[in-house]
Amino acid sequence: MIQTSRIQTLCEAPPRNEADYVLYWMQQSQRAVFNPALEIAVEEANARDLPVLVGFGLTARYPEANARHYAFLLQGLQDVASRLAERGIGFVVRLGEPPDVALELSRRGAIVVCDRGYLKPQVAWRRTLAIAAEVRVLQVEGDAVVPVEVASTKHEFAARTIRPKIQRRMDEFIEPLEPRPLRRRWAGPTPAGLSLRETAPVLQALGVDNAVPPVKRFTGGYGEARRRLDAFLEDGFSRYGAQRGKPEAAAASHMSPYLHYGHISPVEIALAVRAAAHAQSEDRTSYLEELIVRRELAINHVAFEPAYDSYAAVPEWARKTLAAHALDPRPHLYTPDEFEAGATHDRYWNAAMLEMRATGYMHNHLRMYWGKKVLEWSARPEQAFETLLRLNNRWFLDGRDANSFMNVGWIFGLHDRPWGPQPVFGTVRSMGRNTFRKFDADAYVRVVEALAAHEGHSGRLAAGAV
DNA sequence: ATCGGCTCGCGCAA
DNA sequence: TGCGCGAAGCCGAT
């Protein structure tokens, strides 16, 4: 049963009688497993004795998109292609603006089903289609556990304000989703589209920024996401409680890039975590807190704060105190390029930057330290915000996510409380060397050097003064 | 090693 | 209107 609160009608036009298929316009939920939009499309098709066609619009014009992001995305689409073929569902990927691709394919469709995204470009795409479409368009929200407006109808101030609202409702939404039997398999020729057999020619055709190369550390797609999840639950989860604060221990599940591209459903992860055999109940609780409460606080932030991608999204108390300290002397001052090059005096900070550049990932706790230092070592907080957002969105596989905007905002006080005043930070929380009391920072540097070498980065980190 | 103070605003109890 | 409390802070006193 798919909860009706996951479904919204974006275009009220009647379904088309003379149609060849039901179209699922896939953009956010890039998976063929545990995808409620896909299952709704199957139900709609079965009701009309039609096959299902899944269409995906691939644009190189998405803000800040680069070869790293697209290689991962295309691996995910390869996984989608093989699973849909097995299930007898048609699949076409076309170059173009997603709503244009969807509109074109909708002309032979009885209805259109799409998934939901929360960022401004994703919302705009769906609005564009909804205005132009000549058939009914249904949106199915499959990448949040609790649909955004069910959790809250306003911008939440902090985790503690949204937590009870989510916890009250989440059990209704943590339910299995079985694939529906398909009445009619896709039989005709597949509409013209890109071949996904090889990703390199597609990257070439897209002409995306090659300065940020693909990574070996993470391979995209549902199959890979599920394999990692199972390995984590078998092995890592038993160490999660004790080790999760330790970036050098690799005790994390690394689901964030997969969640960002919709390669795996958060509901599927939540079910698996609840069922995990060797887990302590505390570990389950803290994992679900991050997966659901924290992640959906980020979704609430981008859904209800239109300025989420600018410094204006930082709460007023924090902007005031940072402004009052804008002229404080900075003991170290770097340009955005120096940050990006990992050329600071701080060896541990540089290691974090190298992990990000070389592998597209950074441990959560280090993301905080790393970000707080960019605030501390930039000439102005507004500039630090821009630097952080750019680095996040450029190098992280999970960049350009709702979480990216929340994490950057948190550095400046978003969803946080004030603390005793410090230079530069004012009453915004600062972070310093205490961070490294909690884990073996030198071991972390060695881990990063090994990971970077595996990605083809030569040489060791410069010694640095710290 | 541990503890209190620093400081703001939401949301609930009253 | 008062009060408890919050993403993992820092500093100084004991």
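Nothing here was measured: the structure is a model prediction, and the numbers come from that model. Below, chains carry the letters A, B, ... as their sequence lines are ordered, and counting in each starts from 1.
At whole-Å resolution of the value, CD1 in I411(A) and C1' in dA7(C) are 11 Å apart. Between the C1' atom of dA7(C) and the OH atom of Y369(A) lies a distance of 18 Å, rounded to the nearest Å. In this structure, CH2 of W370(A) is placed 19 Å from P of dG9(C), rounded to the nearest angstrom. Look at NE2 on H365(A): it is 13 Å from P on dA7(C), rounded to the nearest Å. Protein atom CG of D416(A) is 15 Å distant from nucleotide atom P of dC10(B), rounded to whole Å. Rounded to whole Å, atom P of dT7(B) lies 19 Å from atom CD of E316(A). Rounded to whole Å, the distance from CD on Q422(A) to C1' on dG5(B) is 13 Å. Taking atom CZ of residue F439(A) and atom C1' of nucleotide dA8(C), one finds them 12 Å apart after rounding to whole Å.
For the P atoms, the distance from dA14(B) to dC5(C) is 14 Å, rounded to whole Å. dA1(B) and dA7(C) have their P atoms separated by 27 Å, given to the nearest Å. Between dC11(C) and dT7(B), the distance separating the two P atoms is 15 Å to the nearest Å.
With respect to K165(A) and E156(A), a salt bridge is recorded, a charged nitrogen being found less than 4.0 Å from a carboxylate O. Taking a cutoff of 4.0 Å between a charged side-chain nitrogen and a carboxylate oxygen, R163(A) and E289(A) qualify as a salt bridge.
Put simply, K373(A) has no side-chain N or O that comes within less than 4.0 Å of OP1 or OP2 on dG9(C). Within the 4.0 Å cut-off from OP1 or OP2 of dC5(C), not a single side-chain nitrogen or oxygen of R417(A) is found.
In this pair, Y361(A) and F218(A) present their aromatic rings tilted. The plane angle is within the 30 to 60° band. Ring geometry, Y348(A) versus F436(A): the interplanar angle falls from 30° to 60°, so the pair is classed tilted. Under the 30°/60° scheme for interplanar angles, the aromatic rings of F72(A) and Y258(A) are found to be tilted. Classified by interplanar angle (parallel below 30°, tilted 30° to 60°, perpendicular above 60°), the ring pair H415(A)/H155(A) is tilted.
Using a 4.0 Å heavy-atom criterion, one finds that K372(A) contacts no nucleic acid atom at all. Within the 4.0 angstrom heavy-atom criterion, only backbone atoms of the sugar-phosphate kind lie near N434(A); the bases stay farther away. Using a 4.0 Å heavy-atom cutoff across all strands shown, W419(A) reaches at least one base atom of the nucleic acid. Counting any heavy atom pair closer than 4.0 Å across all strands shown, A159(A) reaches sugar-phosphate atoms only and no base atom. Nucleic acid contact for K320(A): none, since no nucleic acid atom lies under 4.0 Å from a heavy atom of the residue. Using a 4.0 Å heavy-atom cutoff across all strands shown, E289(A) reaches no nucleic acid atom at all. The residue R163(A) sits close only to the backbone: its heavy atoms come under 4.0 Å of sugar-phosphate atoms, none of a base.
A donor N or O paired with an acceptor N or O is not found under 3.5 Å between the base of dA7(C) and the side-chain atoms of R429(A). Under 3.5 Å, the side chain of H415(A) and the base of dA7(C) form no donor-acceptor pair of N or O atoms.
Each of dG11(B), dG9(B), dG6(C) was ranked by its minimum atom distance to the side chain of E156(A); first place goes to dG11(B). With dG11(B), dG9(B), dC10(C) as the candidates, the nucleotide lying closest to the side chain of R160(A) is dG9(B). Of the candidate nucleotides dC6(B), dA7(C), dC10(B), dC10(B) has the atom nearest to the side chain of T161(A). Of the candidates dA8(C), dG11(B), dG9(B), the closest approach to any side-chain atom of W317(A) belongs to dG9(B). The K438(A) side chain lies nearest to dG9(C) when the options are dG9(C), dG11(B), dG9(B).
Pair assignment for dA8(C): none, as no Watson-Crick or G-U wobble contacts are both less than 3.5 Å. With a cut-off of 3.5 Å on both Watson-Crick or G-U wobble distances, the partner of dG11(B) is given as dC3(C).
Residue Y287(A) is tested with R274(A), E282(A), M255(A) for a side-chain contact (heavy atoms from CB on, under 4.5 Å); the sole match is M255(A).
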